[in-house]
Amino acid sequence: MESRNQLPIRLDSNVERGRPVQIAVDGEPIEAYEGESLAAAILASGRRVFRHTHPEGQPRGIFCGMGVCYECLVTVAGRERVRACIVPVEDGMRVTTMIE
Amino acid sequence: MAPGKAEVIVIGGGVIGTSVAYYASRRGYKVTLLEKEHISSGASGACGGTVFMQTKNLGRHLELALKSAALYRNLAEELDFDIEYSVCGGMIAIENEQQAPIVQHTVEQQRLAGLAVDILDIKEARELEPMLGEHLCGATFCAADAIVNPFRVNRAFCRAAGRLGANLRIGVNVIDLVVENGRVRGVLTGDGPIYSDCVVNAAAIWAPALTKKYGYEPPITPHRVQVLITERLLPGTLRHILLCGCYLTAKHHPELLDMKERQHRLAAGLILEQGTTGGLVIGSTRELVGVDRTTTLDGIEVVAEHLYRVMPRLGPVNVIRAFAGLRPRTPNGMPILGAVESLPGLIMAAGHGGDGISLAPITGQLIADCVATMN
Amino acid sequence: MREVELVIVGGGPAGLSAALEASQAGTEVVLIDEYSTLGGQFYKQVPDSFRLKNPNAEGEQYVEGVGLIERVKNSKIEFLPNTLVWSVFPDRTLGLYREGRTEEVRARKLILAPGAQEVPVPFPGWTLPGVMMGGAAQSLLVRQRILPGRRVVMAGVGPLQLKVASQLLEAGAAVLEILEASNHPPVSMENALRSMGHWGKMREGMRYWMTIKKARIPFRHSHVPVRALGKEQLEAVVVAQVDAEWRVVPGTERTLEADTLCLSYGFLPSLQLTRNFGCRLEFKPQAGGWVTWHDADQQTSVEGVYVAGEVGGIGGADVAIEEGLIAALAAIRALGKAGTNGNAKKEREARKRLAHASKFAEVAGSMMHLKPGLLDLITEDTIICRCESVSAGRIMDAIGAENDFTLRGVKIQTRAGMGPCQGRMCGFVISRLIARKQGVPLDSILMDTPRFPVKPIPLKALVDYAENK
C-alpha cells in the first residue's frame with residue numbers, strides 16, 4: 001500500500017537544508033531535516049499515501065497543503081494526530097501513517 | 001380529506017413526533033405531522049445515541065425503557081431502514097469511594113426489580129473497556145444497554161410514516177391550539193387553521209407554551225446540555241456506552257455534591273459513546289439557562305475534564321466540534337404521556353428529558369393506543 | 001489574563017503590513033500565525049533552519065517577503081508562530097493553542113487577517129493522492145524545496161496556475177498541459193491589466209507566460225479535468241473541452257498519464273474567526289461569495305475588531321497590504337496612540353493605492369468567476385465531504401428530503417461537514433447543490449452556527465486550559 005517509486009524529491013538548487021534529524025515513519029527511519037514539514041519528509045521518502053479512510057479504505061494524501069483540509073493527518077507518538085503539512089519534523093519523532 | 005382537516009395532528013418533528021406519526025399511521029389513522037423548522041432541528045438533532053436501562057428510575061420508567069428496547073430490536077427491519085442499533089452493553093464508572101456505596105445500592109435495587117446488572121472491580125472493568133483509567137474503583141455492567149443512531153431513527157420513522165400515508169408538513173409553525181367549549185378542535189398554524197379532534201403535543205420544550213393559556217401547563221423546562229465530538233478513532237476504542245458514577249450521586253444523593261465545584265454547578269455528568277463512524281460523543285452539562293444553545297467555555301471544559309479523569313489515555317484525542325441541545329425535562333424525570341383531562345382532544349407526548357431516543361418507540365406505541373381510545 | 005494593545009491574527013501581507021505600521025507608532029503588537037514562518041500564502045518562505053545560497057535568485061516576491069519578515073524581526077513585534085486561535089470570546093479575547101498548551105489573550109484592538117483557502121472543486125477521483133491544490137504544489141516547491149511530482153497537469157482558472165506551472169518547470173517537473181476552464185486566453189488578462197496601468201502585474205504575468213511558451217507547454221483554454229484515475233494514487237487525468245458555461249463537450253475526452261494534478265480554481269475567504277465573533281457578513285459573488293463586512297476603516301460590525309486582506313473579500317496581496325496599513329492606522333487612532341505627523345498623508349496615499357489595486361482585484365475576480373458547468377462534473381459516486389467520505393448521491397438524496405433544504409439538515413442526515421475540516425472542503429459545493437436543486441439564490445443558503453473549536457484541538461489542551469485559569 002505504500003507508494004515507493006521515483007516520486008517527490010528534494011531539490012538542492014539555491015538551498016542548504018538545516019541539520020539532519022532522526023525520524024521514523026511506520027517503523028522505518030527516513031531522511032529529514034530540521035525545519036522541514038513532516039509532510040515534506042514523508043513525501044520525500046517516496047510515500048504519497050498518508051492514510052486510508054475507514055471503512056472505505058480510500059487512499060488519501062496532501063491536498064490543500066496549508067492546514068485546512070485535514071487530509072494529511074498522521075499519528076505522532078505521544079501527541080495528538082497532526083496535520084503533516086503544518087507540523088515541523090522533530091528529532092526522535094515516531095510517525096504512523098496507517099491508522100485512520 | 002378536506003383541506004385544513006386531519007384525523008390526527010402531531011405537533012413536532014423530533015423522534016417523539018415522528019414515532020407517534022409512524023405508530024398511529026400503522027394503526028390506520030391519517031396523521032398530519034407539523035414541524036416548524038426541519039426534522040431533527042431540535043433536541044433530536046443535538047444528542048447522542050445511548051439507550052440506557054441503567055439510568056431509568058425503577059418502576060414505570062424502567063418498564064417503559066425495557067419495552068422500548070424490545071421494540072428497538074426489530075425496528076430496523078420493520079421500518080426497512082438501518083438505524084445502527086446495537087446492544088453493546090453499558091457501564092457506569094465508579095470514580096471514587098464516595099460513589100461506591102451509592103452505586104452498590106442502586107445495583108441491588110435494580111437486580112431486585114429484574115434488571116441484570118453486575119459490579120466489576122477495575123481489573124475486570126478494564127478487560128471489558130480498556131480505555132477506563134486504572135485509578136478508578138470499578139464499574140457496573142448491564143448487558144441490556146444499547147446504542148443507536150438518533151438521526152437515522154428519526155428519518156426511519158419519518159419515511160415509514162410517509163409510506164403509510166402520513167402527511168409530513170415541514171416549515172409549518174403551530175402558533176396556537178384551536179379550543180372550542182373547552183375541547184381541542186385543532187391547531188392554528190402560520191398558514192391557517194387545521195382541524196382535528198385529536199392533537200398530539202410532541203413539541204418538547206415548546207409544549208407548555210401551547211397549552212398554558214388554556215389552563216394546562218405541563219412542568220417541562222429546557223435544560224441545556226453541552227456535548228463534545230472527537231475525531232474518528234479506531235472502531236472498538238470504546239466498546240460500550242458509558243456513564244460516570246457521579247450521575248447517580250447527583251440523582252440519589254445531591255446533598256453530597258459540593259456545589260462550589262464547577263462540575264456540580266453545571267450539573268455535569270459524563271455520558272459517553274463511540275458513534276458508528278468512530279467519533280466519540282461526550283456529554284454533558286445540564287444547565288438552566290432558558291432557550292439558549294450557545295456553547296460556553298466553562299461547559300466544554302467541564303465535560304473535557306470529566307472525560308479526562310475517567311479516561312486519561314484519551315488526552316491526545318482531538319475535539320473537533322462542540323454543540324448544545326435543550327432537553328425537555330420534568331421534575332420527576334418521567335415523560336408526560338397521555339390524554340389531558342382538562343383539555344379533551346389533546347394528548348401529551350413530551351417531557352422526555354434526556355430519554356427521548358430511548359423512549360421514542362414505546363412512546364409512539366402508547367400514544368397510538370391513546371389515539372385509538374380517544375376515537 | 002494577558003491584555004495586549006493590538007493583536008493581529010495572520011502573518012501574510014495584510015498582517016505584516018498592519019503589524020509593521022502599528023509597531024512603528026509605538027503600539028504593543030502581538031502577531032499570531034498558525035504556521036512556523038511569517039509570510040502567509042503569498043510570501044512563502046523556506047524554514048528558518050534552511051539557508052538560501054542566493055536569496056535574490058528567488059525572485060521579487062520572495063525577496064519582498066524576506067524584507068518584511070526581517071523588519072518584523074528587528075521590531076518590537078512579538079511573533080507567536082505555530083499558534084492556533086481555537087476560540088474567541090466576548091471582549092476581543094482569543095483562546096490560543098501553542099506548544100501543546102492553551103492560553104488566553106485579550107486584545108484592546110484586534111485585526112483579523114486570516115486570509116483565504118483555495119476553492120475545492122469536486123470531480124470523480126479528486127481524493128486520490130497526487131491531486132492537490134495549486135497552492136499545495138507551490139508550498140512544497142517554494143517552502144520545502146520538494147518537487148511535488150514528475151508529470152504534472154495544471155487545471156483551474158486565472159493567472160495563479162501560470163505562476164505555479166512556471167515554478168514547477170524551473171524546478172524540473174514535466175508540465176504536460178495547462179487547462180484553463182474559461183475561454184479567456186491569458187493574453188486578454190494582460191490587455192486588461194495594461195489598460196489599467198498595472199504594469200508590474202502585467203510584466204510578472206508575461207514572464208510566466210514566456211517560460212511556459214519557451215517550454216512549449218500546451219495551454220488549453222475551455223478545458224477542465226473531468227476524472228482522476230488511479231488505484232492508490234493518481235496515474236492519469238481525463239481532460240475534456242467545455243463550452244462557455246463550462247459544460248463538457250461530448251466526444252472531446254482525452255487521457256493524460258500524470259502523477260500530479262494541481263487545481264487552482266480561485267479563493268474563498270476564511271470566515272471562521274470573524275463569524276465566531278459575530279461579525280456581519282455580506283455576499284459579494286466576485287470577491288469570493290460571503291465576505292466579512294467592514295467600513296472604510298476596515299472595522300467590522302464588532303467594535304474594535306478590524307479585518308484586512310482576503311477575509312474581507314478576495315483582492316490579492318496588493319489590496320491586503322493597503323488594507324493592513326489602513327486597519328493599523330485606524331486601530332492606532334482608536335487606541336489613542338496616533339501621532340499627528342504624517343498619518344493623514346500616509347492614509348490618503350494608502351487609500352489611493354488601495355483603489356488602484358482594487359481595480360485589478362475586480363478584473364481578476366470577474367475573470368475567475370466559476371461557471372455552473374463545474375457542478376456537472378460531479379457524479380453520484382463523487383466524494384463531496386472528504387472527511388466523512390460522503391458521496392454526491394447521498395447528499396443529493398438528502399437535499400429536500402422531508403422538505404429540508406438547510407445545510408444543517410444535510411449535515412445531520414449525511415454527516416457531511418461533521419469531520420475535522422468542519423465543512424471547509426465541502427460547504428462551498430453543498431451550498432451550490434442546494435441552491436441549484438431548490439432553485440433559490442446562493443446567498444439564501446444559511447451556514448450552520450459558528451462554534452469553537454475553530455479548528456480541532458486535543459482534549460488534554462481543554463483540560464489544561466481549565467486548570468491553568
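Chain naming here is simple, since letters A, B, ... match the order of the sequence lines and numbering starts at 1 in each. What you see is a predicted model, and the numbers here were worked out from it, not measured in a lab.
- Here the CD-CD1 distance, from Gln58(A) to Ile383(C), works out to 4.5 Å after rounding to the nearest 0.5 Å.
- Scanning both residues, Met425(C) and Phe63(A), for their nearest heavy atoms gives SD-CE2, 3.8 Å.
- Under a 4.0 Å N-O distance rule, the pair Arg386(C)/Glu71(A) qualifies as a salt bridge.
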Next on the checklist: Please evaluate residues Glu36(A) and Arg143(C) with respect to the criterion salt bridge (Lys or Arg N to Asp or Glu O under 4.0 Å), reporting the C-alpha separation (whole Å), side-chain torsions for both, the decisive distance (0.1 Å), and the verdict.
Outcome noted: CA-CA 9 Å; Glu36(A) 271 189 331; Arg143(C) 291 197 213 272; over 6 Å; no
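- Between the SG atom in Cys387(C) and the CG atom in Leu73(A) there is a gap of 8.0 Å [rounded to 0.5 Å].
- Here Leu52(C) contributes atom CG and Glu16(A) contributes atom CD; the two are 10.0 Å apart, rounded to the nearest 0.5 Å.
- Nearest approach of Gly61(A) to Pro129(C), heavy atoms of both residues: N-CG, 3.8 Å.
- Contact of Asn54(C) with chain A is made through backbone and side chain together, with heavy-atom distances under 4.5 Å.
- Interatomic distance, Cys64(A) SG to Met132(C) CE, rounded to the nearest 0.5 Å: 11.0 Å.
- Top candidate by heavy-atom pairs under 4.5 Å with chain C, chosen from Val15(A), Asn14(A), Leu11(A), is Asn14(A).
- Between Glu34(C) and Arg83(A), at least one side-chain nitrogen of the basic residue sits less than 4.0 Å from a carboxylate oxygen of the acidic one, meeting the salt-bridge criterion.
- Other residues, nucleotides and ligands place more than 12 heavy atoms under 6.0 Å from the CZ atom of Arg98(C).
- Contact count against chain A (heavy-atom pairs under 4.5 Å) is highest for Ser49(C) among Ala136(C), Pro47(C), Ala57(C), Ser49(C).
- Of the listed residues (Val131(C), Leu459(C), Ile457(C), Leu140(C)), the one with the most heavy-atom contacts under 4.5 Å to chain A is Val131(C).
- Using a 4.5 Å heavy-atom cutoff, the side chains of Thr53(A) and Glu388(C) are not in contact.
- Looking at Cys72(A), neither its backbone nor its side chain comes within 4.5 Å of chain C, counting heavy atoms on both sides.
- Heavy atoms closer than 4.5 Å to chain A are found in both the backbone and the side chain of Thr127(C).
- Of all heavy-atom pairs between Cys421(C) and Cys69(A), the closest is CB-O, 3.7 Å.
- Here the closest heavy-atom approach between residue Arg150(C) and residue Ile9(A) is recorded as NH2-CG2, 3.1 Å.
- Heavy-atom distances place both the backbone and the side chain of Glu34(A) under 4.5 Å from chain C.
- The number of heavy-atom neighbours closer than 6.0 Å to NZ of Lys53(C), taken from other residues, nucleotides and ligands shown, is above 12.
- For Ala40(A) against Gln144(C), the heavy-atom pair with the smallest separation is CB-OE1, 3.5 Å.
- With a 4.5 angstrom heavy-atom cutoff, Lys455(C) touches chain A via backbone and side-chain atoms both.
- The NZ atom of Lys44(C) lies 8.0 Å from the CE atom of Met66(A); values are rounded to the nearest 0.5 Å.
- In this structure, His52(A) and Glu232(C) have side chains that are in contact, with non-hydrogen atoms separated by less than 4.5 Å.
- Ranked by heavy-atom pairs shorter than 4.5 Å toward chain C, the options Ser13(A), Gly67(A), Pro59(A), Ala41(A) are led by Pro59(A).
- Heavy atoms only, all atoms of each residue included: Tyr35(C) and Cys85(A) are closest at CE1-O, 4.0 Å.
- In this structure a side-chain-to-backbone donor-acceptor pair under 3.5 Å is missing from Arg17(A) to Arg51(C).
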Checklist entry - Going through the checks in order, is the side-chain contact (heavy atoms from CB on, under 4.5 Å) test met by Met133(C) and Ile62(A)? => result CA-CA 9 Å; Met133(C) 299 292 207; Ile62(A) 299 284; over 6 Å; no
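- Residue contact with chain C, scored on non-hydrogen atoms closer than 4.5 Å, involves the side chain of Glu80(A) exclusively.
- Of the possible polar contacts, none joining the Gln117(C) side chain to the Val68(A) backbone as a donor-acceptor pair under 3.5 Å is found.
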